[in-house]
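As the structure is a computational prediction, the values presented were derived from the model and not from experiment. By convention here, the first residue in the shown sequence is residue 1.
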Amino acid sequence: MPVITIDLGIIENKEKKGQLVQALTEAASSVTQIPAEKFIVFIKEMERENIGVGGKLLSDILK
């Protein structure tokens with residue numbers, strides 16, 4: 001089974017997570033011609049204070 005893993009900041013809304021999983025699955029299925037039901041999607045959420053961008057913590061950037 002193909003696996004899609006995405007690392008990103010926290011998504012507060014369960015509906016948004018569902019939309020993301022659906023969009024990633026549909027796009028990958030379309031490109032690869034592998035049936036959508038074969039895909040597994042992992043969302044790895046990270047707190048903003050665990051992400052650095054340009055030498056600064058994301059939590060500080062987004063204040």
Side-chain angles (χ1 to χ4, degrees):
M1 290 194 167
V3 176
I4 300 169
T5 303
I6 183 165
D7 297 323
L8 51 102
I10 301 294
I11 299 176
E12 303 281 335
N13 185 316
K14 184 178 176 181
E15 290 177 11
K16 294 285 185 187
K17 289 180 188 182
Q19 291 172 359
L20 178 61
V21 168
Q22 182 178 5
L24 290 170
T25 301
E26 288 175 0
S29 177
S30 175
V31 170
T32 64
Q33 297 300 302
I34 297 172
E37 58 272 5
K38 300 290 184 184
F39 282 87
I40 297 172
V41 178
F42 290 108
I43 299 173
K44 296 169 75 177
E45 294 179 289
M46 296 172 284
E47 296 289 335
R48 291 180 175 153
E49 47 282 332
N50 294 334
I51 302 170
V53 179
K56 297 180 181 179
L57 292 176
L58 187 57
S59 58
D60 293 336
I61 295 169
L62 297 176
K63 283 185 180 178

Engineer: Working to the nearest 0.5 angstrom, can you tell me the gap between K17 NZ and E12 CD?
Structural biologist: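 Rounded to the nearest 0.5 Å, the NZ-CD separation comes to 8.5 Å.
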Engineer: To the nearest 0.5 Å, how far apart are CD1 in I6 and CD in E45?
Structural biologist: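 It comes to 10.5 Å.
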Engineer: Say whether L20 and I40 are linked into one hydrophobic cluster, either directly or through other cluster members, by side-chain heavy-atom distances under 4.5 angstrom.
Structural biologist: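 No, L20 does not connect to I40 through the hydrophobic network.
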Engineer: Looking only at atom types and distance, does a side-chain atom of E49 sit under 3.5 Å from a main-chain N or O of L57, one as donor and one as acceptor?
Structural biologist: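 Checking the backbone N and O of L57 against the side chain of E49, no donor-acceptor pair under 3.5 Å is found.
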Engineer: Roughly how far apart are E37 CD and S29 OG, rounded to 0.5 Å?
Structural biologist: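 Atom-to-atom, E37:CD and S29:OG are 7.5 Å apart.
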Engineer: Is there side-chain contact between I10 and E47, with at least one heavy-atom pair below 4.5 Å?
Structural biologist: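 SC-SC contact between I10 and E47 confirmed.
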Engineer: Identify the heavy atoms of F39 and I4 that sit nearest to each other, and give their distance.
Structural biologist: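 Closest heavy-atom pair between F39 and I4: CD2-CD1, 3.8 Å.
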Engineer: Supply the atom-to-atom distance L24 CG to T5 OG1, rounded to the nearest 0.5 angstrom.
Structural biologist: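 Reported value, rounded in 0.5 Å steps: 10.5 Å.
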Engineer: Return the NZ to CD1 distance between K56 and I61, rounded to the nearest 0.5 Å.
Structural biologist: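 Between atom NZ of K56 and atom CD1 of I61 there are 6.5 Å.
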Engineer: Out of curiosity, does M46 fall in the hydrophobic cluster containing L58 (side-chain heavy atoms, cut-off under 4.5 Å, transitive links)?
Structural biologist: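 Shared cluster, yes.
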Engineer: Please report the closest heavy-atom contact between K16 and I11, naming both atoms and the distance.
Structural biologist: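 In terms of heavy atoms, the two residues are closest at CB-CG2, 3.7 Å.
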Engineer: Is I34 linked to M1 within one hydrophobic cluster, defined over Ile, Leu, Val, Met, Phe, Trp and Tyr using a side-chain heavy-atom separation of less than 4.5 Å?
Structural biologist: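 Shared cluster, no.
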Engineer: Please check if the number of heavy atoms outside K38 that lie under 6.0 Å from its NZ is greater than 12.
Structural biologist: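 Check fails, neighbour count at 12 or below.
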